[in-house]
Amino acid sequence: MPGSTIAWSRRRVGTALAAACVTALLLVVGLGYALWGVVTDARSPMPVRSDAVEAGAAGGSSVRDRMAATPLTARPPVGGPPVSQGLGGAALAVPSPTGLGPAGVPTGYPHTPAGAVGQLAAIDVTVLTAMTAETVSRVHARWALAGAPAGTDWVMSVNVEDFLAATATSSAAGRPATVTVTPLAGQVAGVDGADWTLACVLLRVEATLVTTAAVTDGHCERMAWVDGRWQIAPGTQPPRVPNVVPGTRAAAQAGWRDWGTTDAGGRDGSD
């Protein structure tokens, strides 16, 4: 059966999983919330702030907290012009990594906001591709600074835990899922000085058991430049990212920009 892109919520995934025990169809977890407006479970609304997103060395923790708490749809674009339709023409040039860092996470991203976005994507791809509790724990221990969300509370930990719980029956039957993760879009949602960036990535998470299907998942983190690399910064976890379809007007209005790559010298690495 050819692959497909589907929209799921946690509750809907649980229902599908029960059916899959009989039908042996693909099980794909929606990683925490519904996509494209297909929501079947109740959710608390994210706070909407009227504060302007600011940047500056004198910002301090209160400004950073305001940035982190502001939903993407309530903030002006950072680091690029607004886009009226789609993401085309406004690609975010994300530097490529230059090597492997702690816990096997690609690193070497530069000391720039786009570098912070690239590092967050590398962390997420490493965790979600492995999809094991051991990998989550190891990555969190080496990439989260003191004061960052605890390992058990980190959004990636929750996503992996949900996925493993949902696919436990098939995995026990000798059909472990294979997961592929691809960054689709990114954005710099806030900056406070040279050493702090609110980075966001939009990922395609494709899982295969019997057949293949995929969901999109957005993730924002506070990132701080410490010890020569971007790491997950102290502070409360930013709210869940609103669901959007990459390349749509809604995605553009939320600030998402197509994922572009550059090599270490800053050249376009797409060819």
Side-chain angles (χ1 to χ4, degrees), residues 1 3-46 103-105 120-144 148-184 201-221 232 236-243:
M1 181 185 300
S4 59
T5 299
I6 52 179
W8 297 77
S9 69
R10 281 182 182 168
R11 183 174 299 172
R12 193 168 177 184
V13 166
T15 303
L17 288 170
C21 292
V22 178
T23 63
L25 295 176
L26 170 71
L27 314 179
V28 176
V29 174
L31 298 178
Y33 57 93
L35 300 175
W36 308 324
V38 182
V39 179
T40 59
D41 52 344
R43 304 178 191 282
S44 300
M46 293 186 297
V105 176
L120 176 60
I123 291 171
D124 286 353
V125 169
T126 300
V127 167
L128 295 177
T129 301
M131 205 63 82
T132 67
E134 294 78 9
T135 299
V136 173
S137 178
R138 186 167 61 251
V139 169
H140 183 274
R142 301 301 301 273
W143 288 91
T152 53
D153 299 329
W154 186 35
V155 63
M156 286 293 112
S157 299
V158 175
N159 288 341
V160 170
E161 180 181 350
D162 288 349
F163 185 95
L164 294 176
T167 60
T169 300
S170 290
S171 296
R175 297 191 304 272
T178 299
V179 181
T180 303
V181 185
T182 306
L184 298 178
V201 295
L202 188 63
L203 307 166
R204 174 184 170 89
V205 183
E206 183 176 278
T208 300
L209 285 176
V210 178
T211 59
T212 298
V215 295
T216 55
D217 185 50
H219 178 209
C220 292
E221 285 286 358
I232 300 171
T236 304
Q237 180 83 44
R240 289 275 188 176
V241 175
N243 302 309

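- Counting all heavy atoms, side chain and backbone alike, H140 lies closest to P149 at NE2-O, 2.7 Å.
- The line from CE of M156 to CD of Q237 is 8.0 Å long, rounded to the nearest 0.5 Å.
- No side-chain donor-acceptor contact under 3.5 Å links T182 to the backbone of R204.
- In this structure, CD1 in I123 is found 4.5 Å from CD1 in I232, a value given to the nearest 0.5 Å.
- Side-chain atoms of V105 and V139, non-hydrogen and from C-beta on, do get closer than 4.5 Å to each other.
- Closest approach of H219 to V241, counting heavy atoms only: N-CG2, 3.7 Å.
- Between A133 and L164, the closest heavy-atom pair is N-CD1, 4.0 Å.
- Between the CG atom of L184 and the CG atom of L203 there is a distance of 7.0 Å, given to the nearest 0.5 Å.
- In this structure, the side chains of V201 and P183 stay at 4.5 Å or more apart for every pair of heavy atoms.
- A donor-acceptor pair is defined here as one N or O able to donate and one able to accept, closer than 3.5 Å; such a pair exists between the side chain of T129 and the backbone of V125.
- Side-chain atoms of V155 and E221, non-hydrogen and from C-beta on, do get closer than 4.5 Å to each other.
- Annotation: side chain of F163 is not in contact with side chain of L128 (no heavy-atom distance under 4.5 Å).
- Once rounded to the nearest 0.5 Å, the distance linking OG1 of T126 with CH2 of W143 reads 8.5 Å.
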